[in-house]
Amino acid sequence: HAFVFNFPDEDEEALRHRLGEAAGQALMDLITPGDVLGMSWSRTLSGLAASLTQLPPCPIVQLTGAVPPPDGRDLLDLVRGVARVGGGPAHVFYAPMILDDAQTAAAIRRQGDIADAFALLPSVTVAVVALGAWAPGLSTIYDAITPDERDALAALGVRAELAGVFVGADGRPVPTPLDSRMIVTPGPVLERIPFVLSVAYGVAKSPAVCAAIRGRLVHGLVTHASLARAMLSAYSRGDDPPGDPPDHGRAARPPVPPRPPWGGLQPPCAGRWYCKSRAGHPGGRHRPAAGRSLPARDPRPAPPPGRGR
């Protein structure tokens with residue numbers, strides 16, 4: 001699924017907040033009572049909980065640590081806020097995403113609340129994460145480490161990061177020396193989550209988003225029109241996404257389980273990407289909470305530019 005919104009790009013903070021809200025609206029259409037929801041730290045997801053009006057009482061699992069305050073102050077509140085909407089249990093912990101050394105990171109992973117949350121990672125069926133590109137200002141992790149570390153990871157082929165998992169141009173996780181110092185869901189575990197919904201903004205992230213799609217690390221994307229156009233332009237030049245990702249000789253991975261259609265407009269995603277462009281927030285099969293109403297909107301999706309259906 002590709003959920004594309006006609007949000008203006010001029011104010012980055014406002015764009016980030018509106019995409020977080022849009023991700024919450026999309027999540028209400030995707031999640032079912034039998035799911036286990038995983039959530040990673042991201043400034044982009046800070047607006048997600050406020051947009052939720054209802055959610056099944058499914059467990060919510062924190063997938064990563066957070067960056068230091070002020071940016072990391074809202075991770076526990078986000079996970080707990082989402083859990084309050086549905087009434088399911090929240091498996092949360094406080095820990096930084098990046099530690100100074102591997103020994104300290106290992107000791108922190110053994111702490112009870114973190115060990116308990118990470119023991120649930122194999123049961124996660126839907127994850128909501130943000131995606132960063134390996135460049136200044138496009139990834140919180142990139143900006144948080146030293147210049148030598150940034151260059152070393154780039155030399156290993158890192159082009160993107162998804163919930164703290166480093167990703168190469170082929171879309172597959174790239175093992176790095178930094179992995180042992182991080183409190184994140186391991187790459188092989190993230191690969192096995194049946195449905196990963198990613199949120200991304202900024203035209204400069206187009207190659208990173210295309211890489212994650214190419215490697216089938218993400219199965220749904222919430223973004224804005226400018227980035228979607230950049231991806232379609234790359235596709236027209238011969239890049240893989242947003243059509244069927246090629247196998248590149250790899251063993252076949254299990255098909256993505258179909259998810260409920262988005263307001264009757266979104267076909268199930270079974271290996272192919274569909275792009276529906278909407279102005280404002282999505283309208284779906286959910287209903288507003290008592291005392292609240294959703295604004296009226298044109299039910300007809302605007303056709304996306306170029307290719308990519």
Side-chain angles (χ1 to χ4, degrees), residues 3 5 7 12-31 35-98 108 111 113-114 116-118 120-121 123-132 139-141 143-144 161-165 182-185 189-190 193 195-201 218 220-223 281-282 286 289 292:
F3 305 139
F5 299 88
F7 293 152
E12 182 177 297
E13 184 175 352
L15 174 62
R16 189 167 59 216
H17 185 77
R18 294 184 74 181
L19 284 174
E21 292 179 334
Q25 296 285 320
L27 178 62
M28 285 190 286
D29 280 337
L30 292 168
I31 199 161
D35 282 316
V36 176
L37 175 62
M39 301 195 68
S40 72
W41 176 85
S42 168
R43 290 172 298 177
T44 309
L45 300 180
S46 60
L48 186 148
S51 69
L52 297 176
T53 57
Q54 70 173 23
L55 208 65
C58 55
I60 317 292
V61 181
Q62 184 174 323
L63 300 178
T64 70
V67 299
D71 287 337
R73 66 185 183 276
D74 58 355
L75 176 58
L76 271 67
D77 289 343
L78 170 63
V79 177
R80 288 170 175 156
V82 173
R84 278 194 295 269
V85 174
H91 301 275
V92 299
F93 56 87
Y94 177 77
M97 183 180 283
I98 307 172
I108 289 178
Q111 293 179 1
D113 51 352
I114 300 175
D116 291 346
F118 275 31
L120 294 172
L121 293 180
S123 67
V124 172
T125 57
V126 178
V128 183
V129 303
L131 191 151
S139 163
T140 305
I141 297 177
D143 294 337
E161 57 90 3
L162 188 73
V165 173
M182 299 184 67
I183 309 298
V184 300
T185 299
V189 177
L190 184 69
I193 295 177
F195 195 93
V196 177
L197 179 68
S198 178
V199 186
Y201 68 92
V218 301
L221 174 67
V222 176
T223 190
H281 289 302
H286 55 271
R292 294 187 60 182

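Just so we're clear, the structure is a prediction, and the values are computed from it rather than from any experiment.
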- Interatomic spacing from CD1 in Ile183 to CH2 in Trp41 - rounded to 0.5 Å: 15.5 Å
- Task: Please check if the side chain of Ser198 supplies one atom and the backbone of Leu221 the other of a donor-acceptor pair under 3.5 Å.
- Result: no
- Separation between CZ of Phe7 and CD of Glu21, rounded to the nearest 0.5 Å: 7.5 Å
- Closest non-hydrogen atoms of Ala144 and Ile98, given as atom of the first, atom of the second and distance, are CB-CD1, 4.2 Å
- Could you tell me whether a side-chain N or O of Ser40 sits under 3.5 Å from a main-chain N or O of Leu63, the two making a donor and an acceptor? no
- Heavy-atom pair of closest approach, residues Leu52 and Gly24: CD2-O, 3.2 Å
- When rounded to the nearest 0.5 angstrom, what is the spacing between CG in Leu55 and CD1 in Ile60? 6.0 Å
- Message: Do His17 and Glu13 pair up side chain to side chain, a donor and an acceptor below 3.5 Å, judged on atom types alone?
- Response: no
- Message: Just to verify, what does Val184 make a side chain to side chain contact (heavy atoms under 4.5 Å, CB included) with, not counting sequence neighbours?
- Response: Thr64, Met97, Met182
- Please name the pair of heavy atoms, one in Ala26 and one in Val222, separated by the smallest distance, quoted to 0.1 Å. CB-CG2, 4.4 Å
- Check: Ser139 side chain, Gly132 main-chain N or O, donor-acceptor pair, under 3.5 Å: no
- Heavy atoms only: give me the nearest Val92-Asp113 pair and the separation to one decimal. O-CB, 4.0 Å
- Message: Applying side chain to side chain contact (heavy atoms under 4.5 Å, CB included) to Leu27 and Leu37, what does each step give before you reach the verdict?
- Response: CA-CA 10 Å; Leu27 178 62; Leu37 175 62; 3.9 Å; yes
- Closest non-hydrogen atoms of Gly38 and Val124, given as atom of the first, atom of the second and distance, are N-CG1, 3.7 Å
- Item | Nearest atoms (heavy-atom pairs only) where Ala23 meets Val199 | CB-CG2, 3.7 Å
- Item | Side-chain donor/acceptor of Gln62 to backbone N/O of Ala117, under 3.5 Å | no
- Residues at least two apart in sequence or cross-chain that pass side chain to side chain contact (heavy atoms under 4.5 Å, CB included) with Asp116, listed by chain then number, are none
- Given side chain to side chain contact (heavy atoms under 4.5 Å, CB included), test Leu120 with Val36 step by step and report yes or no. CA-CA 9 Å; Leu120 294 172; Val36 176; 5.8 Å; no
- About how many Å separate CZ of Phe3 and CG of Leu30, when rounded to the nearest 0.5 Å? 5.0 Å
- Across all chains, not counting sequence neighbours, the side-chain hydrogen bond (donor to acceptor under 3.5 Å, both in side chains) partners of His91 are none
- Would you call Pro56 and Ile31 a side-chain contact if the rule is heavy atoms closer than 4.5 Å? yes
- CG of Leu15 to OH of Tyr201: how many Å apart, nearest 0.5 Å? 7.5 Å
